[in-house]
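Here's the structure, in structure tokens; my notes come after.
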2 protein chains.
Amino acid sequence: MIHVIIIDDHDLFAEGMKSMFKTKDGIEITHHISNGHALPALLEQVKADVLLMDIDMPEIDGIATMELIQKQGIHIPTLMLTMHQSMRQVKGALEKGAQGYILKDASKKELVEAIVKTSKKENYFHPKINDQVFDYFRGKNKNNSGIQGLSEREKEIIRCLAGGQNSKAIASNLFISEHTVKTHRRNIMHKLNVKTSAALIRLAIEKGIIELA
Amino acid sequence: MIHVIIIDDHDLFAEGMKSMFKTKDGIEITHHISNGHALPALLEQVKADVLLMDIDMPEIDGIATMELIQKQGIHIPTLMLTMHQSMRQVKGALEKGAQGYILKDASKKELVEAIVKTSKKENYFHPKINDQVFDYFRGKNKNNSGIQGLSEREKEIIRCLAGGQNSKAIASNLFISEHTVKTHRRNIMHKLNVKTSAALIRLAIEKGIIELA
DNA sequence: TTGTTAATACCCCAAAAGTGGTATTGTTGA
DNA sequence: TCAACAATACCACTTTTGGGGTATTAACAA
């Protein structure tokens, strides 16, 4: 029997997981906590074979929670659970030594497989995220230099774009040549690896470059 | 016994819900579908007392799904289920006549209460969102100019744009002519009174047409 | 000192966006 | 039944983007 502790702020989800596993699955959710802060204390009292860790939690997220227990010298195979396929999260989870990564739209069968593999310290990645992961690790440099690599001037131009200005308007606004604006735009799009200004604005908002009203 | 259909793209969550309810709760999750598009067909075959509807779904969200079945003259008490407390979503759900609104971090007890109330066509709102809702309906009514005039198809095209697709890609994606996409784009920009796709995307995100990752 | 980067500016050109029309079909609501 | 609207599609046209270069200057760091 694999003993699992689930860390998830969505109580309903955790409750559901508890109910889902029957003895014949060889898996039992023994404990549930909804806040990562409580995990170290719990682990001093009970033993677990696998941690089923939600990544997206408000106070302390799954990655920070792993960090927390690892600092205390505790190492339990951990399966990260998420709704999003954010590359940043996958990366963070891997860096902290997560054994596997599975999406909340997986099937029960897949989850069982993931938990079993995790308990054996094997790696499991949900099929749906595979391509993304591999793409990421192939093209590592570019993705990372992205936002941080933008200069202040470039961010300024992004904000102008989001305000509906075209290159000519931006040029006259900033007292520079339209050629310069176009050069900046090109560099920005190259750095962020987008091909349309629509995608650029979306990314910029996601990354907090643009403040929404 | 209250018969419930759950519509949620997160299969694991739905599976969990199914397992969670025992006969003594007086609630049974009879069916689960992960895509709102399939709901009308399902409702022709089976009867349900309550719909437990996830709001955040990729292809067609919970609100659009309600709209879909209502257009077919079907009216089933619906409990909206969400992780976020987005005001836009609460509002959309209310406008479409949702009976209740509950967060995924509710407890099982709360969910049972919510389902029971919903089945009686009473309203249920999760305590955590109450303040927000009231603030909203006290506060404002003015800001959504233009948005409500957008058709579903138009919103779909906006989301494609935000994903970095150009007109040609969108056309091939949606199996329509590039001319049609350009017509939609023109109509959208006219309705929202913007002149560049950059400004369009910013506005669309501000107004909640696009969900950020 | 030398190397790197940010900001500036210009060239060319194909592709896409944006702007002005018109029009057909199907659905829906008054 | 009829008007309104959504979704579809096409034409013609101008402007803007996006992508390929290259280059100068100032500032800053190794």
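The shown structure was predicted, so the numbers you read here are calculated from the model rather than taken from an experiment. A note on names: the letters A, B, ... follow the listed sequences, proteins ahead of strands, and every chain is numbered from 1.
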Considering all heavy atoms, the nearest B/Ala114-B/Ile102 contact: CB-CD1, 3.9 Å
Applying the side-chain contact (heavy atoms from CB on, under 4.5 Å) test to B/Leu52, which of B/Leu111, B/Asp8, B/Ile27 qualifies? B/Leu111
When rounded to the nearest 0.5 Å, the distance separating CD1 of B/Ile158 from CG of B/Leu150 is 5.0 Å
Classify A/Lys182 by what it touches in the nucleic acid, base, sugar-phosphate, or nothing, heavy-atom distance under 4.0 Å. base
Hey, where on DNA chain D does chain A first and last touch, going 5' to 3'? Cut-off is any atom under 4.0 Å from a heavy atom. D/dT16 to D/dG21
Nearest 0.5 angstrom please: A/Arg153 CZ to A/Thr180 OG1, how far? 9.0 Å
What is the 5' to 3' range of DNA chain C, first to last nucleotide, that sits under 4.0 Å from any heavy atom of chain A? C/dA6 to C/dC11
Pick base, sugar-phosphate or nothing for A/Ser167, based on heavy-atom distances below 4.0 Å to the nucleic acid. sugar-phosphate
Salt-bridge test for A/Lys182 and A/Glu178: reply yes if a basic N is under 4.0 Å from a carboxylate O, no otherwise. no
Base, sugar-phosphate, or nothing for B/Thr180, non-hydrogen atoms under 4.0 angstrom? base
Does B/Arg153 reach a base, just sugar-phosphate, or nothing at all? Heavy atoms under 4.0 Å. sugar-phosphate
Identify whether the distance between the nearest side-chain nitrogen and carboxylate oxygen of A/Arg159 and A/Glu156 falls below 4.0 Å. no
Between B/Thr196 and B/Ile176, who's closer to the 5' end of DNA chain D by nearest nucleotide? B/Ile176
Is it true that A/Lys155 and A/Glu152 make a salt bridge, defined as a side-chain N closer than 4.0 Å to a carboxylate O? yes
Do A/Glu113 and A/Lys109 meet the salt-bridge criterion of a basic N to acidic O distance under 4.0 Å? no
